[in-house]
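Scroll down for the structure; my scribbles are underneath it.
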Number of protein chains: 2
Amino acid sequence: MSANSRLTIAAHALAWIGLYQRQGHEVATSEQIASSANTNPVVIRRLLGELRKAGLVESRRGVGAGWSLARELGSMTLLDVYEAVEAGPLFAMHRATPDQGCVVGHGIQPAMRGIYDGIEETLRSELARVTLEDVLRDVLAVPR
Amino acid sequence: MSANSRLTIAAHALAWIGLYQRQGHEVATSEQIASSANTNPVVIRRLLGELRKAGLVESRRGVGAGWSLARELGSMTLLDVYEAVEAGPLFAMHRATPDQGCVVGHGIQPAMRGIYDGIEETLRSELARVTLEDVLRDVLAVPR
DNA sequence: GCTTGTCGTAACCATTAATGTTGCGACAGC
DNA sequence: GCTGTCGCAACATTAATGGTTACGACAAGC
């Protein structure tokens with residue numbers, strides 16, 4: 001599967017902002033988060049932009065600008081983040097339409113779609129069981 | 001998520017071979033399967049080669065060559081196929097190691113790995129619940 | 001109103017994975 | 001030998017992701 005770290009980086013950013021705010025700061029900058037995640041600030045801004053569209057974070061501009069949480073970490077789940085940053089379905093269908101004159105070619109897509117839908121629903125409910133509060137707790141529980 | 005149709009195409013090929021054999025034929029050619037899936041025979045041969053390594057299909061060479069099932073469709077699950085054709089983990093970690101001097105950077109990977117492992121285990125058990133026999137039945141149940 | 005720091009976003013490049021395509025040797029049955 | 005098909009290498013194409021640079025927009029503070 002394509003090495004897709006978007007969910008990981010988004011969770012990292014949210015945990016970072018959450019912890020930083022608990023330490024008394026108002027906003028976190030993309031520069032700071034990028035430094036922690038060892039990537040480029042623009043990558044962080046792009047990701048956080050998608051989280052902002054989903055209502056998970058807010059941003060300020062101007063001097064003293066930066067990012068803050070729009071909700072408590074405990075009210076955000078990995079499913080919220082997943083839906084904000086991941087585009088398509090987990091499993092794709094054929095690129096080109098299969099031969100509709102063939103019984104298998106005709107029936108395979110509806111059949112697989114039904115199966116995949118059920119599996120993705122299970123995946124969603126698993127993601128929905130984990131809050132970002134859980135993530136931050138696990139992060140802080142890792143021994144140094 | 002990267003549009004990855006390998007599992008779909010592999011299931012298509014297995015269902016096709018299974019049905020073809022039930023119609024009294026010994027082996028199916030990559031050319032026939034490719035025609036049904038609307039792709040290139042080499043793509044099918046590559047995929048079936050991975051399924052052969054996993055012990056799901058067999059191939060013959062020479063005149064009258066082609067592919068046949070190594071086991072009953074009812075004894076193969078989507079998990080068998082998934083493990084045969086999908087390489088890496090569902091969710092990837094950071095490309096570059098996060099800043100180990102930062103609390104979040106240090107703890108994020110162990111934390112996410114624990115969460116992801118649980119989710120992937122659930123995904124596996126869902127895939128294991130569906131046999132290729134189920135897939136073929138669903139395919140044939142689609143109205144024309 | 002000028003300066004400053006940060007976001008917002010576009011543009012481009014690099015890397016990687018998946019897929020498609022061609023070519024040709026290997027093999028086995030006739 | 002001749003034929004049809006696999007096995008496999010090599011290369012091209014496409015798409016997604018991520019990294020980088022650049023620059024305008026914005027708002028706070030002076």
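Convention: sequence-line order gives letters A, B, ...; per-chain numbering from 1. Reckoned from all heavy atoms, side chains included, excluding hydrogens, waters and symmetry mates.
Sequence order on DNA chain C of the closest nucleotides to A/Trp67 and B/Gly62 puts A/Trp67 first from the 5' end. Where B/Ala96 and B/Val63 each meet DNA chain D at their nearest nucleotide, the meeting point lying more 5' is that of B/Val63.
Under a hydrophobic-cluster definition in which Ile, Leu, Val, Met, Phe, Trp and Tyr are linked whenever side-chain heavy atoms come within less than 4.5 Å, directly or via other members, B/Val43 and A/Phe91 are assigned to different clusters.
Considering only side-chain N and O atoms, A/Arg95 lies nowhere under 4.0 angstrom from the phosphate OP1 or OP2 of C/dT19. An OP1 or OP2 oxygen of C/dG20 is reached within less than 4.0 angstrom by no side-chain nitrogen or oxygen of B/Arg46. Residue B/Arg61 places no side-chain N or O under 4.0 Å from the OP1 or OP2 atom of D/dT5. Between B/Ser59 and the phosphate of D/dG7, there is a side-chain N or O to OP1/OP2 separation shorter than 4.0 Å. Phosphate proximity of C/dG20 to B/Thr39: present, with a side-chain N or O under 4.0 Å from OP1 or OP2. Distances shorter than 4.0 Å separate some side-chain N or O of A/Ser5 from OP1 or OP2 on D/dG18. The shortest distance between the side-chain N/O atoms of B/Ser30 and the OP1/OP2 oxygens of D/dC6 is below 4.0 Å.
In this structure, the CD atom of B/Glu31 is 9 Å from the P atom of D/dC6, given to the nearest Å. As a whole-Å value, the separation of A/Arg52 CZ from C/dC7 C1' is 8 Å. Regarding B/Arg45, its CZ atom lies at a distance of 11 Å from the C1' atom of D/dG4, rounded to whole Å. One atom, CD1 of B/Ile44, and another, P of D/dC8, lie 17 Å apart when rounded to the nearest Å. Taking atom CG on A/Asn4 and atom C1' on C/dA18, their separation rounds to 15 Å, with Å as the unit. Rounded to a whole Å, the NE2 atom of A/His25 is 13 Å from the P atom of C/dT6. Computed from coordinates, the B/Leu47 CG to D/dG7 P distance equals 13 Å when rounded to whole Å. The separation between A/Glu86 atom CD and D/dT17 atom P is 7 Å, rounded to whole Å.
Contacts of A/Arg6 with the nucleic acid, taken as non-hydrogen atoms under 4.0 Å apart, involve only primed sugar atoms and P, OP1 or OP2. Among the protein residues, A/Gly64 comes within range of no part of the nucleic acid, since none of its heavy atoms lies under 4.0 Å from any strand.
Using bins of under 30°, 30° to 60° and over 60° for the plane-to-plane angle, the ring pair A/His25/A/Tyr20 lands in the parallel bin.
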_salt bridge (charged side-chain N to carboxylate O under 4.0 Å, His left out) assessment of A/Lys53 paired with A/Glu50_ = CA-CA 5 Å; A/Lys53 276 189 227 156; A/Glu50 297 176 57; over 6 Å; no
*For B/Glu133 and B/Arg22, what are the C-alpha separation, side-chain angles and deciding distance, and is it a salt bridge (charged side-chain N to carboxylate O under 4.0 Å, His left out)?*
CA-CA 12 Å; B/Glu133 183 72 44; B/Arg22 284 178 197 191; 2.8 Å; yes
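For the 3.5 Å distance criterion, the side chains of A/Ser36 and A/His12 qualify, holding a donor opposite an acceptor.
With hydrogens and angles ignored, the 3.5 Å screen pairs no side-chain donor or acceptor of A/Arg52 with any backbone N or O of A/Val57.
The minimum heavy-atom distance linking B/Val142 with A/Gly107 is given by the pair CG2-O, 3.7 Å. The shortest non-hydrogen separation linking A/Ser125 to A/Thr122 is OG-O, 2.9 Å.
Distance from the side chain of A/Asn40 is smallest to D/dG19 among D/dG19, C/dT6, C/dG8. Here D/dA9 is the nucleotide among D/dT17, D/dC6, D/dA9 with the atom lying nearest to any side-chain atom of B/Val42. With D/dT20, C/dT6, D/dT5 as the choices, the nucleotide that has an atom nearest any side-chain atom of A/Val43 turns out to be D/dT20.
Over its length, the helix from C/dG1-D/dC30 to C/dC30-D/dG1 turns its helix axis by 10°, as judged from the five terminal pairs at each end, rounded to 10°.
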